[in-house]
Amino acid sequence: MKLLILENETYLAQSIAGKLNDVGYECVIAQTIPTEKVDYHAILISSNIYNQNCEQFIRRHSNSIIIMMISYISDDTVSKPILAGARDYVLKPFMIDELVRKIRHYHEYSQAKKVLDFYNAYFSFIQKELNTPTPLQYNPPFIIKSTSQRSADVYAMKYAREKKILFEFVTLKDVDYKTIFKNLPQKNKICYITNLEELKKQERREFLEMAQKYPFIISLISTDKVSFSQVIDICNIPNTQELGGEIMSIKDYVKTIIAKFEGRYPDIELAKKLGMSRKSLWEKRKKYGILRKK
């Protein structure tokens with residue numbers, strides 16, 4: 001990390017630079033405020049050289065981590081620099097560990113903010129692409145019913161952003177639904193539970209009966225009817241029915257659907273959804289080599 005030390009006391013500046021070099025910082029020392037824009041991760045400014053030009057310098061470099069090194073606290077040494085864009089201050093004489101801790105803290109904060117801004121921008125992009133509806137003003141528990149897991153996820157995340165809440169994520173693909181209730185969930189912690197469609201009908205009923213007591217948001221990727229106190233159905237919202245990048249043949253489509261849903265529906269119901277007889281479904285299983293799991 002490149003660091004600029006603005007200090008007119010040469011011995012003090014060299015002492016600070018030497019100690020910071022020892023912990024991995026690349027330091028440059030200057031005794032006056034640069035008139036041009038410079039590029040440093042962090043800038044340490046002594047209040048001994050603070051003036052009106054310094055305040056303008058801070059404003060131009062507000063993206064850097066600027067820390068004031070001061071001998072006393074006043075409007076000129078603390079309040080004005082911070083209003084201009086400085087992050088913090090240290091009171092002379094100070095321990096170098098205190099200064100390093102502040103630099104690292106603001107560096108980590110800056111990096112975390114960049115990552116957060118990136119994901120917020122990505123989410124806003126996806127949200128617009130999918131034409132996600134405005135969340136209804138329900139309080140958990142409720143079910144988000146969709147034909148696309150991504151659409152359900154985006155709806156849930158949009159709900160979280162608007163409500164300013166955080167989720168704990170659970171998928172019923174990897175977790176036995178009964179274990180969720182062994183250690184009773186905290187009633188003030190909201191869980192987003194996906195893949196309800198993976199449960200068999202009786203398991204689904206049992207799970208939903210218990211889920212009524214907790215602040216769960218549950219996604220169901222299916223057009224099946226479901227009995228629950230609050231269901232948000234976004235199956236018919238434009239752009240929620242996603243298609244892959246390739247157009248499959250009818251044969252490949254039927255093969256894919258049988259393989260994907262054969263454990264979720266009994267043969268009679270799966271055949272009905274595919275618009276064929278149970279015998280035809282059995283013949284296609286045999287033809288495609290898709291054996292029903294027991």
Side-chain angles (χ1 to χ4, degrees), residues 1-129 154 157-158 160-161 164-169:
M1 182 185 289
K2 291 175 62 179
L3 195 148
L4 175 64
I5 302 172
L6 298 176
E7 172 62 74
N8 60 359
E9 296 182 23
T10 304
Y11 175 79
L12 176 59
Q14 290 175 342
S15 175
I16 294 170
K19 292 175 182 177
L20 289 175
N21 285 331
D22 290 342
V23 293
Y25 294 101
E26 180 186 341
C27 298
V28 174
I29 297 172
Q31 294 184 332
T32 58
I33 301 295
T35 56
E36 74 283 359
K37 198 172 190 309
V38 295
D39 184 18
Y40 290 93
H41 294 103
I43 302 173
L44 308 179
I45 303 177
S46 172
S47 57
N48 294 339
I49 60 173
Y50 184 83
N51 54 37
Q52 188 173 1
N53 291 335
C54 184
E55 197 168 315
Q56 294 172 355
F57 174 82
I58 291 173
R59 286 197 175 93
R60 287 201 306 271
H61 296 82
S62 58
N63 288 332
S64 298
I65 301 167
I66 298 177
I67 297 177
M68 302 300 298
M69 301 182 295
I70 65 174
S71 300
Y72 58 91
I73 296 174
S74 70
D75 283 347
D76 287 336
T77 61
V78 175
S79 300
K80 289 180 180 178
I82 287 179
L83 285 173
R87 304 290 179 88
D88 210 335
Y89 66 90
V90 287
L91 197 59
K92 297 177 181 179
F94 53 82
M95 299 291 291
I96 202 69
D97 287 348
E98 179 188 3
L99 179 59
V100 169
R101 180 181 59 79
K102 286 178 182 287
I103 294 172
R104 286 177 176 168
H105 166 75
Y106 288 108
H107 176 67
E108 289 171 0
Y109 170 81
S110 177
Q111 294 301 108
K113 188 175 183 304
K114 286 179 182 177
V115 172
L116 182 61
D117 289 344
F118 168 77
Y119 283 113
N120 275 331
Y122 171 73
F123 179 79
S124 296
F125 169 75
I126 293 297
Q127 179 180 308
K128 290 177 182 177
E129 285 290 302
V154 171
M157 294 304 295
K158 188 173 182 181
R161 289 177 87 192
K164 295 181 172 58
I165 56 176
L166 301 177
F167 292 153
E168 182 175 310
F169 295 90

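Everything numeric here is computed off the predicted structure, so don't read it as measured data.
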Residue list, salt bridge (charged side-chain N to carboxylate O under 4.0 Å, His left out) with R59, at least two apart or on another chain: E55
From I103 atom CD1 to E108 atom CD, the distance as rounded to the nearest 0.5 Å: 12.0 Å
Shortest non-hydrogen contact from R104 toward V23: NH2-O, 4.3 Å
For K113, salt bridge (charged side-chain N to carboxylate O under 4.0 Å, His left out) partners two or more places apart: D117
Would you be so kind as to tabulate the donor-acceptor pairs closer than 3.5 Å made by side chains of residues 32-45, with sequence neighbours excluded?
from	atom 1	to	atom 2	distance (Å)
H41	ND1	K2	N	3.0

Side chain to side chain contact (heavy atoms under 4.5 Å, CB included) against S47, all qualifying residues, sequence neighbours excluded: I70, T77
SG-CE distance between C27 and M1, expressed to the nearest 0.5 angstrom: 10.5 Å
Separation between OH of Y109 and CG of L116, rounded to the nearest 0.5 Å: 9.0 Å
SG-CG distance between C54 and L6, expressed to the nearest 0.5 angstrom: 7.0 Å
Salt bridge (charged side-chain N to carboxylate O under 4.0 Å, His left out) contacts in which one or both residues fall within residues 14-24, not counting sequence neighbours: none
E168: partners by side-chain hydrogen bond (donor to acceptor under 3.5 Å, both in side chains), with sequence neighbours left out: K189
Value rounded to 0.5 Å, distance of CZ in F57 from OG in S64: 7.5 Å
Under 3.5 Å donor-acceptor, S15 side chain and Y11 backbone: no
L3/V28 under side chain to side chain contact (heavy atoms under 4.5 Å, CB included): CA gap, chis, key distance, verdict: CA-CA 6 Å; L3 195 148; V28 174; over 6 Å; no
side-chain hydrogen bond (donor to acceptor under 3.5 Å, both in side chains) partner of Q31, the single match among N8, T10, N48: T10
By side-chain hydrogen bond (donor to acceptor under 3.5 Å, both in side chains) - contacts of N63 (at least two apart): none
L4 to A30 - nearest heavy-atom pair and separation: CD1-CB, 4.3 Å
All side-chain hydrogen bond (donor to acceptor under 3.5 Å, both in side chains) counterparts of E26, not counting sequence neighbours: none
Counting only pairs under 3.5 Å, give me each side-chain donor-acceptor contact of residues 82-96, with atom names and distances, residues two or more places apart or in other chains.
from	atom 1	to	atom 2	distance (Å)
D88	OD2	K102	NZ	3.0
D88	OD2	Y106	OH	2.9
K92	NZ	E7	OE1	3.0
K92	NZ	S46	OG	3.0

Qualifying salt bridge (charged side-chain N to carboxylate O under 4.0 Å, His left out) pairs with a residue from residues 69-83, counting only residues at least two apart or across chains: D76-K80
For F123 against K158, the heavy-atom pair lying closest together: CZ-N, 3.4 Å
Contacts of type salt bridge (charged side-chain N to carboxylate O under 4.0 Å, His left out), residue E9, not counting sequence neighbours: none
Set of residues satisfying side chain to side chain contact (heavy atoms under 4.5 Å, CB included) with respect to F169, sequence neighbours excluded: M157, F167, Y192
